[in-house]
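Keep in mind that the numbers below use all heavy atoms, side chains included, and drop hydrogens, waters and symmetry copies. Residue numbering restarts at 1 for every chain, and letters A, B, ... go by the order of the sequence lines.
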Amino acid sequence: MLHRRIIAFRRCRAPPMSVVTRFAPSPTGFLHIGGARTALFNWLFARHHEGRFCLRIEDTDRARSTPEAVAAIFDGLTWLGLGWDGEPVSQSARAGRHAEVARVLQERGHAYPCYASAEELVEMRDAARAAGRPVRYDGRWRDRDPADAPPDTKPVIRFKAPTEGETSIDDQVQGRVTVANAQLDDMVLLRADGSPTYMLAVVVDDHDMAVTHIIRGDDHLTNAFRQLQLYRALDWTSPAFAHIPLIHGPDGAKLSKRHGALGVDAYRDQGFLPEAMVNYLLRLGWSHGDDEIIDRAQAIAWFDLAGVGKSPARFDAAKLTSLNAHYLRRADDRRLVRLVLERLCARYPDGLVAEAEARLLRAMPGLKERARTVVELADAAAFLVLPRPVVRDADADRILDPTGRARLAMLVGVLRAVSVWEPESLERAVRDHLAAAGPGGPKLRDLAQPLRAALTGRTVSPPIFDVMAVLGREESLGRLADTLDGSGAD
RNA sequence: GACCCCAUCGUCUAGAGGCCUAGGACGUCACCCUUUCAAGGUGAAAACACGGGUUCGAAUCCCGUUGGGGUCGCCA
């Protein structure tokens, strides 16, 4: 740990070099939570160092890449506020450059054509597995005369990897990791159709984009060795590597669809705020002492690779929710009104009352205090914007038993007499009424709950006198009348 | 299976050989406040995986065991 901090310190003090990071997702689906965190770390690192954060779409496998997925990635990053610098790079557009580099490698004797068929390779792997040997390409075309090439067969181009010695990377998160070169086989650089594989494309693109720090999931750790070998064969300086631990599902296994962890858009649908998401993701695998609530500006100021932990973290929706509640309470009222209105309009196609927006805005301070997600916020706000009569739930009905109704009926007169329809005067009127009844009579809650049930249709709401003020005199008395008039029918 | 990585409360984590009677946060439970629910306040239960070393002293360093994870494609 000490060692890592010192390295980080030195890096900070080094003459200003311009940091370039990149996020390089493959567009085969939505932006999932792990990808979002990788993007966040890259973004924060670049912003912290006042460098560039680039986006590259790894679509070299065109069969599995879709424009919808690319759009989903842009959307996800935009929603999270992780803007990228410059135009996104499409890896497939650079195939010519990749092939050119492969040619250079071949000319320098670092690559060779391989004519092994798909069947041969399967046999090779099966045999190795059966014999308990490591599963890898055996290098059968490595030193073979190209004259032996079978006719009418297009070869793949393989990297001639060192077979002896070892390769080490000094990872900014994992420390120094070493592997024996004998463990690494000759990877394919160019497919038979001349298209590049990921392994070649990343190296070429990262180099051409002048990437200085590769921050990615540690499922790429073993790739780093082969990539480093490529950098060396090409005589290029390698970027620094930082392999961050993966995020696991609640069961400790690699996060996947079956955990219900979907794209970031799913979290937006569930009512999470991007700032909460970012704060949560940041704390998953990175820490700054005991700090928990870290806003964007603070994150940029504090973020470093030394604070990244080495062990995988599990995704915990409860903590995300709690963080979300925190940010919801501090969110701008107008913004929340917009978000709530969006949902309510979709949910109630028959339309909302004309006063909907005004009521929501006035009630928002009381509403947002009680919700953890935008979904809960919309649920709790619905009673304000739906036309009369109020739809009551079972708990509210229970409150409005004969006793509750009797108390309500008495209150109507008291409320009617209130001249200024504001929370303070309404509360004073009701409390005075209570005091007049003397000790031993009903408590405030005995009146507040029936009021709440009649006015909101629920047993839970913001302070009831605030609710009355938001609804206004006419609407409030109207709702009470609805309730009382219907008493015979209930 | 081979290679690589990881290991502190249920979860996220603090911890840089003595500041540790192991701290914080989420969650859980209790109490207070109270107009319901939240919020807030107070408190409680809850962890250094195991075994060996090194050291005057180990959560921290080393080795092993166990457990978990990742990677082994003409996927990325």
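Comparing B:U60 with B:A47, their C1' atoms sit 15 Å apart, to the nearest whole Å.
Regarding A:M187, its CE atom lies at a distance of 14 Å from the C1' atom of B:U71, rounded to whole Å. Rounded to an integer number of Å, the gap from CD of A:Q227 to P of B:A76 is 12 Å. When the C1' atom of B:U13 is taken as reference, atom CG of A:L320 falls 16 Å away, rounded to whole Å. A:H288 has its NE2 atom 16 Å from the C1' atom of B:G23, to the nearest Å. To the nearest angstrom, P of B:C3 lies 15 Å from CG of A:N181. The CD atom of A:Q183 sits 19 Å away from the P atom of B:G70 (whole-angstrom rounding). Put simply, CD1 on A:I244 is 15 Å from C1' on B:C6, counting in whole angstrom units. The distance between atom CD of A:E292 and atom P of B:G23, rounded to the nearest whole Å, is 16 Å.
Below the 3.5 angstrom threshold, one finds a donor paired with an acceptor across the side chain of A:D290 and the base of B:G23.
Along RNA chain B, the nucleotide closest to A:R136 and the one closest to A:D218 are compared, and the more 5′ of them pairs with A:R136.
Nucleic acid contact for A:N223: base, since at least one base atom lies under 4.0 Å from a heavy atom of the residue. Across all strands shown, A:V156 has heavy atoms under 4.0 Å from base atoms, whether or not it also approaches the sugar-phosphate. Within the nucleic acid shown, A:L246 comes within 4.0 Å of sugar-phosphate atoms alone, with no base atom in reach, counting heavy atoms only. Using a 4.0 Å heavy-atom distance criterion, A:T178 is classed as a sugar-phosphate-only contact. The residue A:H220 sits close to a base: some heavy atom pair falls under 4.0 Å. Counting non-hydrogen atoms under 4.0 angstrom, A:G285 reaches the backbone sugars and phosphates but no base. Using a 4.0 Å heavy-atom distance criterion, A:A192 is classed as a base contact. A:A317 comes within contact range of no nucleotide atom at all, as no heavy-atom separation falls under 4.0 Å. At a threshold of 4.0 angstrom between heavy atoms, the contacts of A:E58 are confined to the sugar-phosphate backbone, with no base atom among them. Counting any heavy atom pair closer than 4.0 Å across all strands shown, A:R314 reaches sugar-phosphate atoms only and no base atom. Note on A:R125: only backbone sugar-phosphate atoms sit closer than 4.0 angstrom, heavy atoms only; bases stay farther off.
Using Watson-Crick or G-U wobble geometry with both donor-acceptor distances under 3.5 Å, B:G1 finds its partner in B:C72. Base pairing annotation: B:A14 forms no Watson-Crick or G-U wobble pair, as no partner gives both donor-acceptor distances under 3.5 Å. The partner of B:A7 is B:U66, judged by Watson-Crick or G-U wobble contacts that both fall below 3.5 Å. B:G27 is unpaired under the Watson-Crick or G-U wobble criterion, no partner having all donor-acceptor distances under 3.5 Å. Remark: B:U60 base-pairs with no nucleotide in the shown strands. Criterion, Watson-Crick or G-U wobble with two distances under 3.5 Å. With both pairing distances under 3.5 Å, B:C20 is matched to nothing as a Watson-Crick or G-U wobble pair. Judged by Watson-Crick or G-U wobble contacts below 3.5 Å, the nucleotide B:G40 has B:C32 as its partner.
Annotation: cation-pi geometry not satisfied between A:R458 and A:F383 (NZ/CZ under 6.0 angstrom from ring centroid, within 45° of ring axis). Cation-pi geometry between A:R140 and A:Y137 is not met at under 6.0 angstrom from the ring centre and within 45 degrees of the axis.
Listed pair A:T60 / B:A76 meets the phosphate criterion, a side-chain N or O lying under 4.0 Å from OP1 or OP2. Under 4.0 angstrom from either OP1 or OP2 of B:C6 there lies at least one side-chain N or O belonging to A:K310. At least one side-chain nitrogen or oxygen of A:R191 sits closer than 4.0 Å to the OP1 or OP2 atom of B:A76. For A:T197, no side-chain nitrogen or oxygen approaches OP1 or OP2 of B:C74 to under 4.0 Å. Contact between the side-chain N/O atoms of A:R158 and the OP1/OP2 oxygens of B:C74 is found at a separation under 4.0 Å.
With B:A76, B:U71, B:C6 as the choices, the nucleotide that has an atom nearest any side-chain atom of A:Q91 turns out to be B:A76. Distance from the side chain of A:T222 is smallest to B:U71 among B:C5, B:C3, B:U71.
The residue from A:T483, A:T456, A:I399 that alone fulfils the side-chain contact (heavy atoms from CB on, under 4.5 Å) condition with A:R392 is A:T483.
Salt-bridge annotation for A:R56 and A:E58: present, with a side-chain N of the basic residue lying under 4.0 Å from a carboxylate O of the acidic one. The existence of a salt bridge linking A:R97 and A:D208 is confirmed by a sub-4.0 Å separation between a basic side-chain nitrogen and an acidic carboxylate oxygen.
Using a 4.5 Å heavy-atom threshold, the side chains of A:I215 and A:V173 count as separate.
Using modelled atom types and a 3.5 Å distance limit, the side chains of A:T373 and A:Q270 yield no donor-acceptor pair. Inspection of the A:D205 and A:H98 side chains reveals an N or O donor paired with an N or O acceptor under 3.5 Å.
In this pair, A:Y267 and A:F272 present their aromatic rings tilted. The plane angle is within the 30 to 60° band. In this structure, A:Y198 and A:H220 have tilted ring planes: the angle between them lies in the 30° to 60° band.
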Requested in this report: Scan nucleotides 27-48 of chain B nucleotide by nucleotide, 5' to 3', and note B when protein non-hydrogen atoms come under 4.0 Å of the base, S if they reach only the sugar-phosphate, - if neither.
Outcome: S-------BBBBS---------
